[in-house]
Amino acid sequence: MGRRAKNKQGAPPSLDEFQAKKQKKELKRKRLSEEDKTFKKVKTSSSSSSSKRDKKQPKKTVEDVEEFTEDVPEVDLKELSEAKKSLFDDSESGSEGEVEVDDEFDVENEPMVDSDDEAHERPMFSDDDEDESELNNLNAENMEAFSRHLDEEDELEAEEAELELQEAGLNQNQPRAKVLPTAEEEALMTKGTQDVTMVRTRMIEIIKVLENFKELAEEGKSRAEYTDRLLKDICEYFGYSEFLAEKLFNLFTPSEAMEFFEANEIARPITIRTNTLKTRRRDLAQTLVNRGVNLQPIGTWTKVGLQIFDSQVPVGATPEYLAGQYILQAASSFLPVMALEPQENERILDMAAAPGGKTTYISALMKNTGCVFANDANKARTKSLIANIHRLGCKNTIVCHYDAREFPKVIGGFDRVLLDAPCSGTGVIGKDESVKVSRTEKDFIQIPHLQKQLLLSAIDSVDANSSTGGVIVYSTCSVAVDENEAVVDYALRKRPNVKLVETGLQIGKEGFTSYRGKHFNSTISMTRRYYPHTYNVDGFFVAKFKKIAPSAHDKSLAGAKEKEAFARNEAEEEGIIHGDFAEFEDDEDKSFIELSIKRNLKRKGINPNSFKKSSSEPSK
Ligand SMILES: C[S@@+](CC[C@H](N)C(=O)[O-])C[C@H]1O[C@@H](n2cnc3c(N)ncnc32)[C@H](O)[C@@H]1O
């Protein structure tokens, strides 16, 4: 079924509570509709057209916007503009009018970001629902009324929550509710489509039971029965494959899992990063506000990020965008670069760089000094990388397209390396719903297999004696443990010459040191996890390493194919992968694989010739 929930969910109601809540909601709607009239009056007075008409209107010029505002005498535009400006008066920026670009580079005080891959190609706003069309109508004049309206809604929600709490207290002595469907009901459910509201209510009921099993579970029913039903409902309601639903569910407590799944139904806010090579955030914000863009700083953790609520112009095509004053970039994508802490005049490698959101940020933090090697294995993707580098005026970058496992054979001795690894994308389901059904068990073997090889290459490409750096940052936009903690743990085992260090990021949850019976290196608590439901950013993972000594591998001339063959062999030995594993230019691989299998057998004292055909030969 797969549903895009409009709102985050509140306290879980019982079936009775649900009915009562419905009635209350009706009441609330009535009350709010009265207030809506007032709000809508403001909307219509500022714009006599409907939201749909607004969309069809030609782009407004600054003059148009000014003319438009004359209809709303209550709002003092100058005052409003001052107020907006003050939002960007970073206290650290010194006195008014001073050019203090340095402050923009204070990475200590900035938090996150993610891949801006194609973000600008997505429609900014949809008129699918009423809320969004209200947002589309939002402008400088009616914002105050809208915000008052939201406050009132919040108040009502709070009252309602209080009422629910009281009711829950009263209901404490009620008999345990039969939440799980009977066998007959199950049979009926498999035949026809289910009522989504019922499914949702049941999920909430089951979560309640799972979180207070002793008190609330029906006699004779096991925890597994409840969990199984809940997972089926999650698949039904949100549209996940059973495999992925369970994988993601296992990361959280049941109620947090629900929050996670709900948050994936909502797109994250549109965010931009100021390119400090060309402008200051305050100036950019003012220019965009003048163009009719409603925005505000993302949070205290970044001095370069802006969140866009609504715009009368396409933010991916303003003169400032074309001039490279900003880039559309997800907030979580700032994080790995902030953790990397690039310094001026360093040599830095961005191993998987396209389309360049992080490369261009690195370049900006280095103030166009030193050198950034921006690599991506996919030649086609280097086009967008080059385009962004040019648009943003980065002059210290070199673009190349190697399989990053070729490093350090290609070139090594970097001060810092960023590996923003290719991943399953389980952190960006809000952006790409297809992940819900497309990811299979095999992906969570193959992708980490590649990530591990890439991370070893990243480590081997860093100069342990760098006077300023010796740093490696590993990041993914996945929340899966296999692609994050397990990869980091593997690298710590294979390269004892690196250690994990604090990321320096102000936000983020600690990485797992153990997960479902697996124990990882205890320092993995220094890695950071990000979820859409906790920080309203894409799901992300960041780990920061410091190389403390060189190793024999640093001078290794092994390229991608040798590494793949070795890793494949190693993984087969450990039983992690089998003969039907990924196809990696099989013909060319064959000789390497056979050679390494033979070597391996010899090492074990087995005569390789006694094996006619290896079971590990890759499938065609
Ligand atoms: C998460 S994206 C990188 C996003 C980029 N860092 C940014 O901020 O714009 C991962 C990239 O890894 C590249 N990639 C996949 N396998 C690779 C490999 N073996 N070596 C280098 N790059 C690879 C993909 O082409 C993709 O562009």
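This one's a predicted model, so the numbers in the text were calculated from it and none came from an experiment. Atoms within a ligand are numbered from 1 in the order they appear, just like the ligands themselves.
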Ion pair present between [X] and [Y], side-chain N to carboxylate O less than 4.0 angstrom?
{"X": "Lys278", "Y": "Glu320", "value": "no"}
{"X": "Asp443", "Y": "Lys247", "value": "no"}
{"X": "Lys561", "Y": "Glu406", "value": "no"}
{"X": "Lys452", "Y": "Glu570", "value": "no"}

### Message
Looking at Asn569 and Ala565, would you say the former's side chain and the latter's main chain have a donor-acceptor pair under 3.5 Å?
### Response
no

### Message
Is it the case that the side chain of Ser525 and the backbone of Glu510 share a donor-acceptor pair, with hydrogens and angles ignored and the cut-off at 3.5 Å?
### Response
no

Contact (N/O only, under 3.5 Å) between [X] and ligand 1:
{"X": "Pro422", "result": "no"}
{"X": "Asp350", "result": "no"}
{"X": "Asn375", "result": "no"}
{"X": "Gly357", "result": "yes"}
{"X": "Lys358", "result": "yes"}
{"X": "Leu450", "result": "no"}

Taking 4.0 angstrom as the limit and counting only heavy atoms of [X], give me the atoms of ligand 1 inside it, by number and element.
{"X": "Asn378", "answer": "25 (O)"}
{"X": "Arg381", "answer": "25 (O), 26 (C), 27 (O)"}
{"X": "Met351", "answer": "21 (C), 22 (N)"}

### Task
Out of Asp376, Leu418, Asp403, Ile447, indicate the one that has the non-hydrogen atom closest to atom 13 (C) of ligand 1.
Asp376

### Task
From the options Asp420, Val337, Thr359, select the one whose nearest heavy atom is closest to atom 10 (C) of ligand 1.
Asp420

### Task
State which residue, out of Lys518, Arg516, Arg529, fulfils the salt bridge (Lys or Arg N to Asp or Glu O under 4.0 Å) condition with Glu485.
Arg529

### Message
Glu502 and salt bridge (Lys or Arg N to Asp or Glu O under 4.0 Å): which single residue from Lys546, Arg528, Lys544 fits?
### Response
Arg528

### Task
Measure Ala421 to ligand 1 on non-hydrogen atoms and call it side chain, backbone, both or neither using the 4.0 Å cut-off.
backbone

### Query
Under 4.0 Å from ligand 1, counting heavy atoms only, is it the side chain of Ala353, its backbone, both or neither?
backbone

### Option among Arg495, Lys563, Lys555 that satisfies the side-chain hydrogen bond (donor to acceptor under 3.5 Å, both in side chains) test with Asp460
Arg495

